[in-house]
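Throughout, a chain's letter reflects where its sequence line sits, starting with A, and its residues are numbered from 1. Below, each value reflects all heavy atoms present in this structure, side chains not excepted, and no hydrogens, waters or symmetry copies.
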Amino acid sequence: MTKPHFYITTAISYVNAAPHIGHAYEAIGADVMARFKRLDGYDVYFLTGTDEHGQKVEKSAQAQGKKPQQFADEIAALFEGMCKSFDVSNDQFIRTTADFHKKACQHIWKKMEENGDIYLHTYAGWYSMRDEAFYGEDELTTLPDGKKISTESKTPVEWVEEESYFFKLSAYTDRLLKLYEDQPEFMQPSFRRNEVVSFVKQGLKDLSISRTTFDWGVPVPGNPKHIMYVWVDALTNYISALGYPDGENFKKYWPCDVHLIGKDIIRFHAIYWPAFLMSAGLPLPKRVFGHGFLLTAGEKMSKSLGNVIAPRDMIDKYGVDASRYALMREATFGQDGDISYPLMTARINAELANNLGNLVQRTLSMINKNCDAKVPQPGILEDADKDLLQKAGQAMLIAVRGEFEKMQFSRAIEEFISVSHAANMYIDEQAPWTLKKTDPARMATVLYVLAEVIRNLGLIIQPFVPNAAQKIMDQVAVPAHERDFSFIGEAHALKAGTPLPAPAGVFPRIVDEVVAKTA
RNA sequence: GCCAGGGUAGCUCAGUGGUAGAGCAGGGGACUCAUAAGCCCUUGGUCGGGAGUUCAACUCUCCCCCCUGGCACCA
């Protein structure tokens, strides 16, 4: 039986600056999805990486007296390190300076050219070196000294006439509209789709896709004076990583199931990318999901406001699992989300430590003390037992899966936390500490049911908190090969008598430093 | 300016033409297996403002205010 394929990508990160929490957020979101799909029986390929070309990188390198490649190597290492530090399980980390990637870019370029979609023309206009962008007259402000600057970015512009290759994006307006029509789930969340549609309906202009003002990039085939402009280069990573045009992985995993990206680059993925692919005669990705940004107190994080949450600080404070959990929990995926240490600490303590962690701890410690440190022998199950087991079994998996299909990670968490809450209610109702004296056999049944619920919870939480999940499953002696979602539910329930290791807490409470010391 | 989506308890949000909901936070209680955790109960909102339709609107219509996003080459 061959598994269905699932290919998921993040955007590639531009190596002009070091990674911040937003990069971690996207990588973790994709990782949570990738892990879920693997556990749910898919053959997953998960790609992330770095975008390393362009004038900004060239200039930043120069400013530091480095070669662009050396500079890119250093920053790319930071991004790759950040992914590792959050236990992001990507199958590949692509860098656009890799040789195979450049070849793939040139290949797709030729394909688009053969299709008659690329032509040489002169681009004339006001150009900002700093922004690497042309501006229209209406976007400029003339200073008292007669010089012009971009009104938006305040950067100086100069009149440039540059030969450039263009892509006939205008020819794809109708086909793109048809795509959004036929495949409504192509662009998500749905309000993004509407934005894209209304944008395309205005009509599309051809796209300048080469530059001659710098060298750091992929040369245009047949005319190396030209360097491919950012999007042909960057977007192609999604197929070059798979070995396009004829790699095995390309045949296996393309078209992509989800491109996970930030909301700022939706246009490139929902408009340019499918147009390029159509031109090159390639299948289109099934879905583009634009997530929101993380804010602090409703404001963008910025160094000047001093409200930056650095990836490494977060891990130092909470550890990897709780950090991943907090990021996926606080914001509704797709919308902007407010995060702050107080909010995240409260969430981690309430849900991971108090609710779920304590459930595991109190149950296993009772089993350890009162059941000879073995999976207890259950008797006849009562309705309360069956109800709880039912909630924690297939029903929970189905509910969580439903939220994953919509990439609603926060909702998925709510589903299993509510099961954990139900289990805590059950303990209090059953009061096994009383049964210990009055009805030891019934106590064993109750503890068995709880252990089994914990097994199921351990399975389902893996995408979010992979390390803690393993520890929990270790503590209820779930064999290593029984840890995917096919083992959720009663068919694979714990076997009575299995020896259990001594329990140890997995989700410690976070104690925030007391801010105000008594003066 | 134009287009879209929002403004519901301290916070994050769900919700329906017919007496306002959840989680967290706050308050109280019973218990004690457990990570001073868990469980139960509870305070709390004129559902952005105004007008209209209706037996009845938070839910429909209109006007206004405020917020967010989009409006082309901006990683």
Round to the nearest Å and state the distance from A:Trp231 atom CH2 to B:rA75 atom P.
-> 8 Å
Base paired to B:rA20 (Watson-Crick or G-U; both N/O distances under 3.5 angstrom) = none
Phosphate-side-chain proximity, A:His23 and B:rA75, N/O vs OP1/OP2 below 4.0 Å | no
With sugar-phosphate meaning primed atoms plus P, OP1 and OP2, does A:Arg411 contact a base, only sugar-phosphate, or nothing at under 4.0 Å between heavy atoms?
-> sugar-phosphate
Using heavy atoms to find the nearest nucleotide of RNA chain B for A:Ser13 and A:Leu169 separately, return the residue whose nucleotide is more 5′.
-> A:Leu169
Hey, is the side chain of A:Lys369 poking within less than 4.0 Å of OP1 or OP2 on B:rC33, counting only N and O atoms?
-> no
Checking only heavy atoms, does the side chain of A:Asn358 share a donor-acceptor pair with the base of B:rA34 at less than 3.5 Å?
-> yes
d(CZ, A:Arg509; P, B:rA34) in whole Å | 17 Å
For nucleotides B:rA37 and B:rG70, find the distance between their P atoms and express it as a whole number of Å.
-> 42 Å
Take the protein atom NZ of A:Lys205 and the nucleotide atom C1' of B:rC74, then report the distance between them rounded to whole Å.
-> 14 Å
So what does A:Phe199 hit on the nucleic acid, given a heavy-atom distance under 4.0 Å: a base, only sugar-phosphate, or nothing?
-> base
Touch check for A:Met425, heavy atoms < 4.0 angstrom, all strands: base, sugar-phosphate only, or nothing?
-> sugar-phosphate
Interatomic distance, A:Leu450 CG vs B:rC39 P [rounded to whole Å] | 13 Å
Would you please classify the geometry between the A:Phe79 ring and the A:His23 ring as parallel, tilted or perpendicular, with 30° and 60° separating the classes?
-> perpendicular
Presence of salt bridge, A:Asp385 and A:Arg442, under 4.0 angstrom = yes
If the plane angle is over 60° it's perpendicular, under 30° parallel, otherwise tilted; pick one for A:Tyr119 and A:His121.
-> perpendicular
B:rA51 pairs with which nucleotide, Watson-Crick or G-U wobble, both distances below 3.5 Å?
-> B:rU61
B:rG1 - base-pair partner by Watson-Crick or wobble geometry, distances under 3.5 Å = B:rC71
Quick one: label A:Leu364 by what it contacts on the DNA or RNA (base, sugar-phosphate, nothing), any heavy atom closer than 4.0 Å.
-> nothing
Name the nucleic acid region contacted by A:Glu429, choosing base, sugar-phosphate or nothing; use a 4.0 angstrom heavy-atom cut-off, strictly under.
-> nothing
Using the ring of A:Tyr325 (Phe, Tyr or Trp, six-membered ring only), decide whether A:Arg329 places NZ or CZ under 6.0 Å from its centre and within 45 degrees of its axis.
-> no
Can a side chain N or O of A:Asn354 be found less than 4.0 Å away from OP1 or OP2 on B:rG38?
-> yes
Looking for any heavy atom pair under 4.0 Å, which part of the strands does A:Gly22 touch: base, sugar-phosphate only, or nothing?
-> nothing
Would you kindly compare A:Thr363 and A:Asn194 by the position of their nearest RNA chain B nucleotide and give the one closer to the 5′ end?
-> A:Asn194
If you take all heavy atoms of A:Gln92 and A:Ala241, which pair is closest and at what distance?
-> OE1-O, 2.9 Å
Which part of the nucleic acid does A:Ser365 contact within heavy-atom distance under 4.0 Å: base, sugar-phosphate only, or nothing?
-> sugar-phosphate
For A:Asn368, report the nucleic acid contact type (base, sugar-phosphate, nothing); a contact means any heavy atom under 4.0 Å.
-> nothing
Rounded distance (Å) that lies between atom P of B:rA34 and atom CD of A:Gln430 = 18 Å
What is the nucleic acid contact for A:Ala353, judged by heavy atoms within less than 4.0 Å: base, sugar-phosphate only, or nothing?
-> base
Could you check A:Asn16, A:Val15, A:Val57, A:Ile75 and say which one makes a side-chain contact (heavy atoms from CB on, under 4.5 Å) with A:Glu52?
-> A:Val15
Residue-phosphate contact under 4.0 Å: A:Tyr229 side-chain N/O, B:rC74 OP1/OP2 | yes
Distance-only donor-acceptor test, A:Asp428 side-chain atoms vs B:rG38 base atoms, 3.5 Å | yes
Distance, C1' atom - from B:rC67 to B:rU8, rounded to whole angstrom = 15 Å
Spacing between A:Asn424 atom CG and B:rC24 atom P, to the nearest angstrom | 11 Å
Tell me what A:His53 touches on the nucleic acid: a base, only sugar-phosphate, or nothing, going by heavy atoms under 4.0 Å.
-> nothing
Answer yes if the side chains of A:Glu161 and A:Thr122 hold a donor-acceptor pair under 3.5 Å, and no otherwise.
-> no
Separation of A:His269 atom NE2 from B:rA72 atom P, in whole Å?
-> 20 Å
Any strand: nucleotide that pairs with B:rU46 via Watson-Crick or wobble, under 3.5 Å | none
Between CG of A:Leu343 and P of B:rU12 the distance, given in whole Å, is 8 Å
